[in-house]
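Heads up, the thing below is written out as structure tokens.
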Amino acid sequence: MRHQLPFPALAGALLLLGAPAFAQLAGRLESVIGVAPNYDPKPASDALLNGPWRLLSAGPNGFYFFEPGNRLMRVDTQGQLTVFGAASATNGLADADDSGNFYYSIGTGIGRISADGKTSIPFDWLNDASLSPLRNPVAIASNRRGGSVYLSNGTGLFELPAGVSLNLADARYATRIYAGSADTGLIWISGTGSLKVYSSVTGLVAGSGAYGVPTDGQRAVEAPFQTLTDVVSDTAGRVYVADRSIGSVYRIANGILERVAGLSDGPDAAPGAKAKDVRFLRIDSIALDSNGRLLIADAQAFTIWRVEDDGALSRAAGRPRGGSEPGGGVALSDPSGLAYDRNHNLYVVDRLNFRIRALNADGSVETVAGNGSRARKTEDGAAVKVAINPDGPIVVDPSGWVYFLDGGGYSVRRFRPGGSIETWITQNDLDKYSGLSMLALGMSSQGDLLVAQRTRLLAITPQKTVSLRADPARAGSAVGDAATFTVLADDSVVFNGRSGSAAYFIRFNRAGEPEFLPVDTPSEPSPCTAPFRAMAPSQRGLVAANPGMLCEYDLKGGGRLLAGSGQAGGAPVVGALGSIKAIATSPSGAVAFSESDTHQVRRFTPALRKGARR
């Protein structure tokens, strides 16, 4: 029988969100799908990575990169992967010199982890007034030989330790800086649109400022780009730039541009393939190793590639996710959507493996949609044989149809396990509501599909009749995120919102009438504060989550912390949570949640009360 959840009137709902204190609820936390991160030393090419970003060369000492939670990893020249240190380097504000020393922003200065693992704060503008103009850095770079660091902010580009302004044009808000050879000097990506590259020696190196795709043999200063994300140079003075949106890396020699890696319509990157003939999913960063070979961090493929001297690719770190692991586990890639059906089967959107998995009620795991390759176009057919691009949200209707968003929110597709996928709704079917991306899905007890578009919520009947279900913006409210909503058993819909420092829930009844439910500040500190990133109904009321914590609000005014501490990231340990992206609650009261940074689905099962039955 389908689980039914009662919900009281507004007065009870106000008590629901005005909890005076938050208690930790006893229960069991377990991983049910996915392979948890393992940070033991191992060969880098055999490691499951969780999203490498900000790749840094450490010269003859190997290279560094970050994992989610700002965990710093090092791959030495023998190919061994180890944890080097936890560093609070955000937005790429980090660099390494050729001796293996690592520099990073600590907010109040520049911290350093030396090659032997010792830490210090060589540049501290919190206590040194002479360095106060260096606050709010946008990018930093080592001079490669150690001893000094370059920094950019809204004022300009500076050299430390003296804090001297270099008075370079177009260096304000430089998004990436690299200290190159004597021929190039400092090179940086301009903060204006990230479409140009400059050198302290030669001035403009690349980029016309126009938006487009460059061609081989083009003069670099006349080349259009889209989103330049990193820049490095080699000992011969050649400059390499990475464009994330195009998916390519270009080399500049004698003022001429040459594509050396990445082709937008090529096959997916694979070992042995020519770097310039394949497609990368997301080039976040590049570096050069001690032999001058190009390293490419593909954050969405969870791989760091090396371009060998003959132009072929090899794996410098990381291996494919998505297949069977020892012990029968499946290495998920960004699990981003969860939904239970009436038979207690849990559907999981394995987004970057381009599949939908099912954790069956008997504990078995199977692929129910997607063939593992990224779709180039939408095709209907047998669910496990067609390519899909699932975006995350997923729901199951009362008759067993599974609906999911596909292809950047352009279409809603559906299937029954063991059957075929069909494209059910596209922008063209939305009539006067077309033009805005579809962000999230919900399901009413009557089988109407609810689709979120920014601040409005649409209802689509099984006959594909589209109507406006709720419009929080017209209600004079500020919705924190229209993609974060949940449907209660009485078919009322709850959003969360924020206006200044005030947080609240917004509940819409079936007629679309709003009720504003303030969130009172609890008398004791708690991480359970709105707006939340994910919500779901529960037996007691609402389950809600933000990175690092899972909370529940009951129907009598009591809020409680189910699991976590509010501090997301890092290696998962008992009781610690990652960045929660989706929640689903089972009729038994268990709460399943997906973590996008640890790539697993975990489940919290409340402890049975004395005398209770499950």
CG-CD1 distance between Asp284 and Ile296, expressed to the nearest 0.5 angstrom: 12.0 Å
Contact check, side chains of Arg259 and Gln218, non-hydrogen atoms, under 4.5 Å: no
Pairwise side chain to side chain donor-acceptor pair (under 3.5 Å) hits with a residue in residues 43-55, at least two apart: Asn50-Arg321
Interatomic distance, Ile283 atom CD1 to Gln300 atom CD [nearest 0.5 angstrom]: 11.5 Å
4.5 Å side-chain heavy-atom contact, Ile580 and Asn546: no
4.5 Å side-chain heavy-atom contact, Arg74 and Phe63: no
Ser148-Asn143 side chain donor-acceptor pair, cut-off 3.5 Å: yes
Leu134 CG to Phe123 CZ distance, which is reported to the nearest 0.5 Å: 10.0 Å
Test item: Ser579 side-chain N/O and Ser596 main-chain N/O as donor-acceptor pair under 3.5 Å: no
Intermediate values then yes/no, side-chain contact (heavy atoms from CB on, under 4.5 Å), Thr303 and Arg319: CA-CA 6 Å; Thr303 300; Arg319 60 182 172 86; over 6 Å; no
Residues Ser208 and Glu222: side-chain donor-acceptor under 3.5 angstrom: no
Leu313 vs Val278 side-chain heavy atoms within contact, under 4.5 Å: yes
Pair Arg279-Asp268, side-chain contact (heavy atoms from CB on, under 4.5 Å): steps then yes or no: CA-CA 5 Å; Arg279 174 178 57 175; Asp268 290 341; 2.8 Å; yes
Minimum heavy-atom distance Ile187-Ser199, with the two atoms named: CG2-CB, 3.8 Å
Thr184 side chain vs Ser181 backbone, donor-acceptor pair below 3.5 Å: yes
Donor-acceptor pair, side chain of Asn153 and main chain of Pro133, under 3.5 angstrom: yes
Heavy-atom pair of closest approach, residues Ile286 and Ala242: CG2-CB, 3.8 Å
ring-ring contact (aromatic ring centres under 6.0 Å, His included) partners of residues 75-122, not counting sequence neighbours, each pair once: Tyr64-Phe84, Tyr64-Phe102, Phe66-Phe102, Phe102-Tyr104
Pairwise side-chain contact, Leu294 with Tyr240, heavy-atom cut-off 4.5 Å (strictly under): yes
Distance in Å, Gln226 CD paired with Leu195 CG, rounded so as to fall on 0.5 Å steps: 9.0 Å
Trace of the side-chain contact (heavy atoms from CB on, under 4.5 Å) decision for Ile583 with Leu550: CA-CA 9 Å; Ile583 309 175; Leu550 187 70; 4.0 Å; yes
Under 3.5 Å: donor-acceptor pair, side chain of Asn101, backbone of Ala115: yes
Donor-acceptor contact present, side-chain Glu595 to main-chain Gly578, <3.5 Å: yes
Between Ser248 and Asp243, a side-chain donor and acceptor under 3.5 Å: no
Taking every non-hydrogen atom, the tightest pair across Ser152 and Ala174: OG-O, 3.0 Å
Side-chain donor/acceptor of Asp334 to backbone N/O of Leu352, under 3.5 Å: no
Backbone N/O of Gly59 and side chain of Ser57: donor-acceptor pair under 3.5 Å: yes
Euclidean distance, Asp597 CG relative to Arg71 CZ, rounded to 0.5 Å: 11.0 Å
No-hydrogen, no-angle side-chain donor-acceptor test under 3.5 Å, Ser31 and Arg602: no
Residues in ring pair (Phe, Tyr, Trp, His ring centres under 6.0 Å) contact with Tyr178, at least two apart in sequence or another chain: none
Residue list, side chain to side chain contact (heavy atoms under 4.5 Å, CB included) with Asp128, at least two apart or on another chain: Ser130, Leu131
Candidate pair Asp95 and Arg144, rule salt bridge (Lys or Arg N to Asp or Glu O under 4.0 Å), full reasoning: CA-CA 9 Å; Asp95 201 6; Arg144 318 310 308 165; 3.2 Å; yes
Heavy-atom pair with the smallest gap, counting every atom of Ala331 and Leu48: CB-CD1, 4.0 Å
Val197 side chain near Trp188 side chain, heavy-atom distance below 4.5 Å: no
Residue pair Ser114 / Asp116, side-chain donor-acceptor N/O under 3.5 Å: yes
Spacing of Trp305 atom CH2 and Asp298 atom CG [to the nearest 0.5 Å]: 8.0 Å
Close side-chain approach of Tyr198 and Ser190, heavy atoms under 4.5 Å: yes
Flag, side chain of Arg176 to backbone of Thr229, donor-acceptor distance under 3.5 Å: yes
Main-chain N/O of Asp310 paired to Lys274 side chain as donor or acceptor, under 3.5 Å: yes
Heavy-atom side-chain contact between Met73 and Thr82 under 4.5 Å: no
Full working for side-chain hydrogen bond (donor to acceptor under 3.5 Å, both in side chains) between Arg112 and Ser120: CA-CA 5 Å; Arg112 176 179 59 205; Ser120 62; 3.2 Å; yes
Over 12 foreign heavy atoms within 6.0 Å of CG, Asp40: yes
Residue pairs fulfilling ring-ring contact (aromatic ring centres under 6.0 Å, His included) with at least one residue in residues 124-176, sequence neighbours excluded: none
For the student: nearest non-hydrogen atoms of Phe604 and Phe593, plus distance: N-CE2, 4.2 Å
Polar side-chain atom of Arg172 near backbone of Gly154 as donor-acceptor pair, under 3.5 Å: yes
side-chain hydrogen bond (donor to acceptor under 3.5 Å, both in side chains) between Ser233 and Arg238, worked out: CA-CA 5 Å; Ser233 67; Arg238 296 175 298 186; over 6 Å; no
Verdict with supporting geometry, Ile121 and Ile106, side-chain contact (heavy atoms from CB on, under 4.5 Å): CA-CA 9 Å; Ile121 306 175; Ile106 60 172; 3.7 Å; yes
Side chain to side chain contact (heavy atoms under 4.5 Å, CB included) against Thr119, all qualifying residues, sequence neighbours excluded: Ile113
Shortest non-hydrogen contact from Leu338 toward Ala582: CD1-O, 3.7 Å
Arg306 and Asp289 ion-paired at < 4.0 Å: yes
Ser333 and Asn353: side chain donor to acceptor below 3.5 Å: yes
